[in-house]
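In what follows, a structure is listed as structure tokens, so that the remarks can point back to it.
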There are 2 protein chains.
Amino acid sequence: MSSQQARTTARLREMIWNGAFAPGERITESALASALGVSRTPVRVALSLLEQEGLVSGTPNRGFRVEAYSVDDISDAIDVRGTLEGMAARLVAEKGLPRHTAMELRRCLEIGDRIIQKKLVTGDDASDYGEMNERFHCAIVEASGNKALENGLDLTHKLPFVSPQTVAIHESIDTKRQMTVAQTQHWLIVEALENGEGARAEALMREHANVSKQALNVIGASIESGEHPMPPSLRIVTA
Amino acid sequence: MSSQQARTTARLREMIWNGAFAPGERITESALASALGVSRTPVRVALSLLEQEGLVSGTPNRGFRVEAYSVDDISDAIDVRGTLEGMAARLVAEKGLPRHTAMELRRCLEIGDRIIQKKLVTGDDASDYGEMNERFHCAIVEASGNKALENGLDLTHKLPFVSPQTVAIHESIDTKRQMTVAQTQHWLIVEALENGEGARAEALMREHANVSKQALNVIGASIESGEHPMPPSLRIVTA
DNA sequence: AGAAAATATATTGTATACAATGTCATCAGG
DNA sequence: CCTGATGACATTGTATACAATATATTTTCT
């Protein structure tokens, strides 16, 4: 893939992530092309690729529109993510936790603790929690050594709402509690990994995803009831 | 996606599946374009899409080559597939097996029994077993009602070696035993689904995948030792 | 003759032109 | 006033031409 192709795809993906389009909004190739300062050619393949990623959907001769999701769709995706990461955790525990992965995970735990401490005191936003969370999960998946697994998860990663940082960053009703629970689970997961408890690690990781799902439901409900506005990065439509 | 785009992508995918290219062989756009009787444009996006599917890999300004796999790669993919289908089976068992799915599964069981009977008697090839197997697995995944799961599995489906029919069709050392074991497992899985035993259904499905992995290893060993030639549809390179 | 530079060739990457298709508004007929 | 056809417009789909980049070959100098 060429430099421009790749850049265009990445930029468009980013735009969709950041809510540059309304859910279901139509994307015309020429408009997007001129907006990005490139020709239609790279835009076309970008759209095709993003279609496979599930960010847009196209119909023959009628172009593309950005995909809209129901809360259930997202919940399903989180389920898949949890299952795959659970598998990763089990593999890592069974094959033995590599030294550098163990250190990375410890580092993440520390960072998480610090962020939460600060958050509880100062109350400022904890957007760096998402970054740490991302590192935590990636480290485990990488350590699993299963390339297919990595690819599969990469795909769910491309869906913005499943991306851990998005879920974490999102201003949920009770971010503090969210983070505390997640952090506790991270500790338990590392414990299981270090002790080589495969089944437990898998179960914990699934439960970890379950918490995300619950948070999602709370968020979804609060959006549907109009209590909170829908952030543009979550392109949810109420089914 | 246009008609020609889609057709070109499908045709190329089919070609790779059928072993039209050697593992690692380079694909030049213009050659392929003229071979397919289309311009380079649709070929280009086809290649980009197939790259995301993992069938080819491209490097900037240097074009694409068809992907080659190690036995371990395939084993990993089967693992992922088993995990996801295990999840599907659990969901179906928990949510209750829909009427039409139950019938479809029963039908598959019957067909399978008949095929094996015939195979044991006449010894002719059982290529239609693969078709039945495909239907069986798809029915369960569909019944799970999880769209993300379906998409994820669709992706592993696109990798020919994981596709159940390929694994089944392949002339393994002991196809008869293979099929008998698989068929028995199908029976048990249906039983679990009908009884609403989620955990058992999941475990059975995983074990089902495990058997595929074992068969793969046997096949891989026999290929590596030169006992059997590598069928072109399995683009394995010995790491 | 061997190594480095320069040129030639092939292939990919991008833009544009044209064709095909779909969409929408206008207008005739009921 | 509504329904259905007709034509203008917009947008997508495909092909080709050109530019940029990599690879192979030849040339040149030591």
Side-chain angles (χ1 to χ4, degrees), chain A residues 1-16 19-68 154 158 235 237, chain B residues 1-16 19-68 154 158 235 237:
Chain A
M1 205 192 285
S2 111
S3 180
Q4 179 128 205
Q5 291 273 24
R7 260 211 329 266
T8 303
T9 308
R11 282 218 294 172
L12 181 53
R13 190 188 294 125
E14 204 81 20
M15 286 174 69
I16 297 179
F21 305 93
E25 179 178 344
R26 183 154 174 220
I27 296 184
T28 61
E29 297 176 0
S30 41
L32 186 56
S34 58
L36 296 180
V38 297
S39 98
R40 274 178 53 210
T41 313
V43 168
R44 249 184 106 60
V45 342
L47 283 168
S48 295
L49 290 177
L50 294 184
E51 181 179 26
Q52 258 195 351
E53 292 178 13
L55 285 179
V56 303
S57 75
T59 48
N61 292 319
R62 294 215 274 165
F64 296 86
R65 38 188 70 248
V66 312
E67 195 69 74
D154 259 7
K158 302 250 177 76
R235 296 181 307 293
V237 290
Chain B
M1 203 192 286
S2 110
S3 181
Q4 178 129 205
Q5 292 272 24
R7 260 211 331 265
T8 303
T9 307
R11 282 218 296 172
L12 181 52
R13 188 188 295 124
E14 204 81 21
M15 286 174 70
I16 296 178
F21 305 93
E25 179 178 345
R26 180 150 176 226
I27 297 183
T28 62
E29 297 177 358
S30 42
L32 185 57
S34 58
L36 297 180
V38 296
S39 97
R40 274 178 54 212
T41 312
V43 169
R44 252 183 102 61
V45 343
L47 284 168
S48 295
L49 290 176
L50 294 184
E51 181 179 27
Q52 259 196 348
E53 290 178 14
L55 286 178
V56 302
S57 75
T59 49
N61 293 319
R62 294 216 271 168
F64 296 86
R65 40 189 67 248
V66 313
E67 196 68 76
D154 260 7
K158 303 248 177 76
R235 296 181 308 292
V237 290

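The shown structure was predicted, so the numbers you read here are calculated from the model rather than taken from an experiment.
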Measure the distance from CG on A/Leu32 to C1' on D/dT11 and round it to the nearest whole Å.
14 Å
Out of D/dT14, C/dT12, D/dA15, which has the shortest distance to the side chain of B/Asn61?
C/dT12
Please state how far atom CZ in B/Phe64 lies from atom C1' in C/dT11, giving the value in whole angstrom units.
12 Å
Sequence neighbours left out, what passes salt bridge (charged side-chain N to carboxylate O under 4.0 Å, His left out) with B/Arg11? Give chain and number order.
none
How close or far is atom P of C/dA15 from atom CZ of B/Arg44, stated in whole angstroms?
11 Å
Sub-4.5 Å side-chain heavy-atom contact between A/Phe64 and A/Val43
no
For the atom pair CG (A/Leu55) and OG1 (A/Thr9), what is the distance rounded to the nearest 0.5 Å?
11.0 Å
Using a 4.0 Å heavy-atom cut-off across all strands, classify A/Ile27 as base, sugar-phosphate, or nothing.
sugar-phosphate
Whole-Å gap separating C1' (D/dT12) and CZ (A/Arg65)
14 Å
Just how far is it from atom CE of B/Met15 to atom CD1 of B/Ile27, taken to the nearest 0.5 Å?
7.5 Å
Using heavy-atom distances to pick each residue's nearest nucleotide on DNA chain D, tell me which of B/Arg26 and B/Thr41 is more 5'.
B/Thr41
Sugar-phosphate, base or nothing in reach of B/Thr28, heavy atoms under 4.0 Å
sugar-phosphate
Which heavy atom in B/Ala46 sits nearest to a heavy atom in B/Thr8, and how many Å separate them?
CB-CG2, 4.2 Å
With five pairs defining each end axis, the helix from C/dA1-D/dT30 to C/dG30-D/dC1 comes out bent, to 10°, by 10°
Please give, in whole Å, the distance from C/dT14 P to B/Glu29 CD?
11 Å
B/Leu47 CG to C/dT12 C1': how many Å, rounded?
11 Å
N/O donor-acceptor pair under 3.5 Å between B/Arg65 side chain and B/Gly24 backbone:
yes
Measure the OG1-CD distance between B/Thr41 and B/Gln5 for me, rounded to the nearest 0.5 Å.
8.0 Å
Side chain of A/Gln5: nearest nucleotide among C/dT14, D/dT14, C/dG13?
C/dT14
Of the listed C/dT12, D/dG13, D/dA15, the closest approach to the B/Val38 side chain comes from D/dA15
Of A/Arg62 and A/Gly37, the one whose closest nucleotide on DNA chain C sits nearer the 5' end is A/Gly37
Between C/dT14 atom P and B/Arg40 atom CZ, what is the distance in whole Å?
11 Å
For atom CD of A/Gln4 and atom P of C/dT16, their distance in whole Å
11 Å
Candidate nucleotides D/dA15, D/dG13, C/dA15, ranked by approach to the side chain of B/Ser39 - the nearest:
D/dA15
